[in-house]
Amino acid sequence: MPGFRHLEAKVWASVVLALCLGAALTVAIAQYDRRLGERSQSSRIEARLQAAAFQLERTLSALAQLNHDVAATLLSERTVTAEKLQPLAEKLVNDHRRIVNVAVSRGLEVVFVHPLAGNETVLGMHFDTRPEQMEGVRRAIERRDTVIAGPLPLVQNERPGVIVRTPVFHPATDGEPGAFWGMVSTVVELEGLLEDAGLSSADLPFTLAIRGREGSGAQGPPFHGDAALFRGPHVAVDVALPAGGRWRLGATPRADDSEAPARIARIYAAGAAISLALALLLLYRGGAFGSGGGAGRLHPFLPAGVRIGIRAFLIGVSLLALLPILAIGGWVSYRNAQQSTERFSQALAQEIGDRLHDRVAAFFEVPRHFVAFNVEQARAGLLPYEKPEDLMRGFLSQIRQQPLLTFVSMGMADGEYYAASRPPRGADKALRMLHSRAADDYVMHIFRTDQTGRSTTPMSAAKGRFDARRRPWFEAALDSGSLAWYPAYRYAVNDAEGAYDTMGIGMSAPLFDPQGNFIGVATADVALSQLSEFLRELTAGTQATAFIAEADGLLLAHSALAPIYRGDGEETVRIALAESDSPLIRAAARTLAASAQPEGTVSLPIDGGNFLFEWHRFTLAQGPTLTIGLILPTAHFEAMASDTLRNILYLALAVMVLSLMIGLFVSDWVARPLRSLSRASSRLAHGDWQPAPHEPSPIREVAALFAAMGSMAIQLKHHTDDLEQRVKARTEELEAANHKLAMLSLTDGLTGISNRRHFDQMLHSEWARALRTAQPLAILMIDIDLFKKYNDHYGHQAGDQCLIRVAHAIQSCVKRAGDLTARYGGEEFAVICAESDLEKATALADILCHAVAAQALPHVLSPHGRVTVSIGVAAAVPAPEVAPETLLRRADEALYRAKAGGRNRVDAETTDAPQPLPAGPD
């Protein structure tokens with residue numbers, strides 16, 4: 001357009017300024033609109049959460065009042081009989097449809113539960129052997145009032161439930177408060193409460209999470225939804241519990257809002273249109289669309305009389321047009337790369353941190369399990385505390401089951417000590433038996449043990465007296481009166497080898513015989529050095545540093561090679577996070593001191609490097625609050641971002657070069673040979689590798705381009721042929737690998753026979769085939785008799801060998817091509833017999849039963865003295881309206897009859913020939 005040639009510089013400057021201002025204003029309006037939308041959405045979510053919180057408060061208050069009414073009735077009579085409690089419990093269950101059960105305990109033992117069906121495991125439960133239950137019980141007793149406990153996994157079904165607990169006390173005497181008598185507990189499933197509050201619907205417009213177990217509020221652990229929700233921006237509403245304490249509801253909008261992107265796109269389109277219209281208006285007013293003056297000058301930016309070539313002109317124009325675009329695009333790409341790197345590294349840190357939190361929480365569950373087991377053994381009169389050798393051998397059996405334990409031990413009421421131990425330090429990891437007796441003046445004696453649990457090699461006696469009554473774990477058990485964690489302490493086993501020169505932490509509980517007499521304290525202990533090694537194993541290969549610290553900042557363990565305590569004469573001085581030799585842990589300590597949040601993820605600049613610090617706080621049941629920290633270097637992710645940015649810049653540079661080339665060849669005498677090249681390129685794209693015909697051109701570059709095109713065609717042909725061969729080879733390899741994976745997915749990893757998944761597939765397939773051919777189909781369900789006792793007596797390794805032997809015995813008898821042997825689950829196997837009636841299938845079952853018994857695998861806890869199986873047989877001619885699971889159920893029922901009839905036998909359906917199955921539900 002000739003009118004643009006005489007425009008002055010100020011006109012171009014005003015156009016550029018208008019476009020820049022329009023772009024900036026459009027971005028600002030879009031961001032403001034986005035924030036307004038988020039604010040409006042947050043307000044709607046908050047209103048929804050407020051309504052849900054009100055409903056939860058009302059429901060929980062009603063439950064607390066109902067529970068208190070039952071407790072008030074008990075307070076007046078303090079007698080527990082089923083006849084008196086049954087109508088009270090029935091009324092309570094009828095008044096609230098979400099109640100799972102009502103339980104009454106006498107002391108800490110549950111003596112009544114309603115309804116009993118489905119809640120049998122609750123009856124007879126002792127609270128003091130379940131720390132997760134005891135936490136709420138202790139809180140109710142201390143407050144002498146109703147409390148809302150949990151949510152926690154219910155004993156009867158492992159579903160999360162809320163427990164309303166009201167304690168009952170004896171009357172006060174002489175101005176002193178009455179002693180604790182018992183407890184009324186009402187259990188409600190959490191999902192039911194959330195459903196009534198409108199928070200369990202699948203079409204909620206937000207993602208929900210709840211924290212504050214045991215009423216701990218915003219600082220408590222999450223118990224519903226994704227815990228990561230609380231680490232980012234979210235809407236929060238508190239639920240005030242009727243008995244004190246709070247829950248916090250957190251929500252974030254779902255990411256499927258399609259209205260906001262469309263609205264933002266309209267804003268950008270309108271801003272671009274207005275900016276372009278303003279630029280055109282400025283050009284019009286500057287005379288760009290008229291004949292205008294200025295004919296004496298070619299361009300306002302060039303002196304008069306100066307001439308430039310078309311190549312230089314096109315290059316200059318292209319640069320002026322592309323440089324702003326490339327600058328803006330580069331900046332946007334850089335910001336996107338930075339944000340993507342931050343999100344990726346934070347997500348990875350949170351993922352590793354969550355996994356670390358789960359593994360450590362499971363680790364701390366180990367001592368509780370073993371101490372609770374020994375408490376129950378003592379109550380049942382099964383703990384041989386009067387036979388120390390048998391007692392220590394039992395402890396050895398327990399410690400073999402869990403390689404993370406350092407001690408399983410018992411301190412007697414008279415101060416004697418008996419323990420099984422795995423040395424936490426040194427190369428010698430042989431198990432030990434330890435004891436200190438009053439007859440030996442409480443001197444600790446240590447013995448190595450053999451595989452049978454008998455002491456073999458006596459080691460040098462430890463120095464000094466070891467009176468169990470003076471140990472921290474003994475005192476902690478007596479102070480708490482139940483299962484409880486004790487503080488970290490340094491081992492007092494001063495052996496000559498220094499194998500116990502470390503600190504430990506664990507759980508202990510007082511032991512009582514069946515008559516209620518105190519007999520001692522049981523403890524299960526883990527060495528902090530082993531805990532540090534456990535953290536090193538969890539973070540191996542991640543370049544991360546992990547640590548565990550107590551609420552006062554003292555280190556329990558970490559994956560870095562730095563001490564967690566130091567000796568000061570006879571005293572042991574614990575090292576705090578802020579005093580660690582590791583600069584990473586010291587920086588993490590400063591962050592924790594400045595933050596009151598129970599978890600979070602922050603970036604830490606340390607010694608010139610960037611690190612992500614992710615932490616969780618959680619409270620052990622009946623124990624301390626611990627902090628698990630993970631420090632992850634971000635150098636690797638930053639390098640990835642730099643590589644991404646570099647590639648984007650290379651791409652932008654390539655785009656600019658290509659644009660300049662296009663500007664150079666716009667003239668007609670250049671465009672003609674380019675069209676010829678374009679046609680040749682099109683042929684190349686369609687697989688025609690013939691070189692482009694030479695197009696006469698006065699430009700050397702164009703001629704050279706023709707020659708290069710021919711060479712490229714030849715190279716592309718060779719490259720394509722080679723690539724096709726490689727793709728073919730890789731495809732064949734991939735098909736072989738997929739076939740191998742498919743076979744592995746259908747095979748049981750232990751026994752080598754088919755697994756449950758293959759069995760289900762073949763059952764449906766054979767059922768369909770038998771339906772088409774009207775042939776009978778039979779199923780054998782096989783169960784190893786008393787396998788749990790076998791596993792407990794001989795150990796899991798022997799149990800695995802037993803499963804393998806039984807599987808091979810079954811497999812060796814099932815030889816027909818159409819039959820299938822599979823491990824159905826645990827110690828249960830199944831056989832599909834195609835085209836077999838009940839008589840044939842029963843005959844095969846008899847063969848299998850005798851084949852397993854013929855192996856003569858010893859089983860001292862079985863009445864048959866060896867490993868045997870029970871088999872249930874069912875056969876049928878399939879009908880179209882019946883599912884194959886019906887036949888499977890019949891075989892399972894026959895198996896049940898075989899087991900009920902004395903085991904080591906076969907039980908089949910009573911009909912002599914396969915019958916069509918009746919229609920109806922399974």
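The structure presented is a predicted model; accordingly, all values stated were derived computationally and were not measured.
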Asker: Backbone N or O of A546 within a donor-acceptor pair of the S559 side chain at under 3.5 Å?
Answerer: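 Flag set: sc S559 to bb A546 pair under 3.5 Å.
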Asker: Would you confirm whether T773, through its side chain, and R769, through its main-chain N or O, come within 3.5 Å as a donor-acceptor pair?
Answerer: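 Yes, T773 side chain to R769 backbone: donor-acceptor pair under 3.5 Å.
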Asker: Should R823 and N755 count as side-chain neighbours, where that means a heavy-atom distance under 4.5 Å?
Answerer: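 Counting from C-beta outward, R823 and N755 never come under 4.5 Å.
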Asker: Would you say CD of Q797 has more than 12 non-hydrogen atoms from neighbouring residues, nucleotides or ligands within 6.0 angstrom?
Answerer: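 Counting other residues, nucleotides and ligands, CD of Q797 stays at 12 neighbours or fewer.
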Asker: Any chance you could measure L584, atom CG, to T545, atom OG1, to the nearest 0.5 Å?
Answerer: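 With rounding to 0.5 Å, CG (L584) is 5.0 Å from OG1 (T545).
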Asker: Decide yes or no for E614 and L632: does some side-chain heavy atom of the first lie under 4.5 Å from some side-chain heavy atom of the second?
Answerer: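 Heavy-atom side-chain distance check fails, nothing below 4.5 Å.
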Asker: Kindly indicate whether the side chain of T747, heavy atoms from C-beta on, has any atom under 4.5 Å from the side chain of H758.
Answerer: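 A side-chain contact under 4.5 Å is absent here.
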Asker: Any idea which heavy atoms bring A875 and S836 closest together, and the distance?
Answerer: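 Where A875 meets S836 most closely, the heavy atoms are CB-O, 4.1 Å.
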Asker: What is the minimum heavy-atom distance between F611 and I606, and which atoms define it?
Answerer: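 That would be CE1-O, 3.7 Å.
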Asker: Considering all heavy atoms of both residues, which atom of L771 and which atom of P878 are nearest to each other, and what is their separation?
Answerer: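 Here L771 and P878 meet closest at CD1-O, 3.4 Å.
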Asker: Keeping D226 on the side-chain end and L229 on the backbone end, is there a donor-acceptor pair under 3.5 Å?
Answerer: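 No, because the side chain of D226 does not come within donor-acceptor range (under 3.5 Å) of the backbone of L229.
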Asker: CG of L844 to CG of L848: how many Å apart, nearest 0.5 Å?
Answerer: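 It is 4.5 Å, given to the nearest 0.5 Å.
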Asker: Could you grab the distance from atom NE2 of H558 to atom CG of L531, nearest 0.5 Å is fine?
Answerer: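 CG of L531 is found 10.5 Å from NE2 of H558.
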Asker: Measure up the H234 and F230 rings against each other and bin them: parallel (under 30°), tilted (30 to 60°), perpendicular (over 60°).
Answerer: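 Plane angle over 60°, so perpendicular.
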Asker: Between E766 and H764, is there a side-chain donor-acceptor contact under 3.5 Å, judged purely by atom types and distance?
Answerer: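 On atom types as modelled, these side chains do not qualify, holding no pair under 3.5 Å.
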Asker: Provide the closest heavy-atom pair for A891 versus M781 in the form atom of the first, atom of the second, distance.
Answerer: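 Looking at all heavy atoms of both residues, the shortest contact is CB-CG, 3.5 Å.
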Asker: Compare every heavy atom of I631 with every heavy atom of A588, then report the nearest pair and how far apart it is.
Answerer: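 Closest approach of A588 to I631, heavy atoms only: CB-CD1, 3.9 Å.
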Asker: Keeping Q855 on the side-chain end and L857 on the backbone end, is there a donor-acceptor pair under 3.5 Å?
Answerer: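 The answer is no, because no donor-acceptor pair under 3.5 Å joins these two groups.
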Asker: Do C833 and I779 make a side-chain contact, defined as non-hydrogen atoms from C-beta onward lying under 4.5 Å apart?
Answerer: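 Not touching, per the 4.5 Å side-chain cut-off.
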Asker: Going from CD on Q811 to CD1 on I804, what distance comes out if it is rounded to the nearest 0.5 angstrom?
Answerer: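 Going from the CD atom of Q811 to the CD1 atom of I804 covers 13.5 Å.
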Asker: Rounded to the nearest 0.5 Å, what separates atom OG1 in T751 from atom NE2 in H808?
Answerer: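 So the gap between those two atoms works out to 6.5 Å.
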Asker: Run the side-chain contact (heavy atoms from CB on, under 4.5 Å) check on F206 and T252 step by step: do they pass?
Answerer: CA-CA 5 Å; F206 52 82; T252 56; over 6 Å; no
Asker: Does the side chain of I753 come within less than 4.5 Å of F829's, by heavy atoms?
Answerer: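 Yes, their side chains come closer than 4.5 Å.
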Asker: Quick one: closest heavy-atom pair of I871 and C849, and the distance?
Answerer: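 The answer is CD1-N, 3.8 Å.
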Asker: Going by heavy atoms in the side chains, are F759 and I832 under 4.5 Å from each other?
Answerer: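 In short, these two side chains touch, coming nearer than 4.5 Å.
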Asker: Are L777 and W767 close enough that some pair of their side-chain heavy atoms sits under 4.5 Å apart?
Answerer: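 A side-chain contact exists here, since the closest heavy-atom pair is under 4.5 Å.
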Asker: So, taking the atom named CG in D800 and the one named CG in N791, what distance separates them when rounded to the nearest 0.5 Å?
Answerer: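 Going from CG on D800 over to CG on N791, the span is 7.0 Å.
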Asker: Below 4.5 Å, heavy atoms only, C-beta onward: do V814 and L820 meet side chain to side chain?
Answerer: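 No. Closest side-chain heavy atoms not under 4.5 Å.
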Asker: Judged by atom type as modelled, is there a donor-acceptor pair below 3.5 Å linking the side chain of R726 to the main-chain atoms of A729?
Answerer: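 Absent.
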Asker: Judged by atom type as modelled, is there a donor-acceptor pair below 3.5 Å linking the side chain of D819 to the main-chain atoms of A834?
Answerer: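 Confirmed, D819 side chain pairs with A834 backbone.
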Asker: Ion pair present between E835 and K840, side-chain N to carboxylate O less than 4.0 angstrom?
Answerer: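 No salt bridge links E835 with K840.
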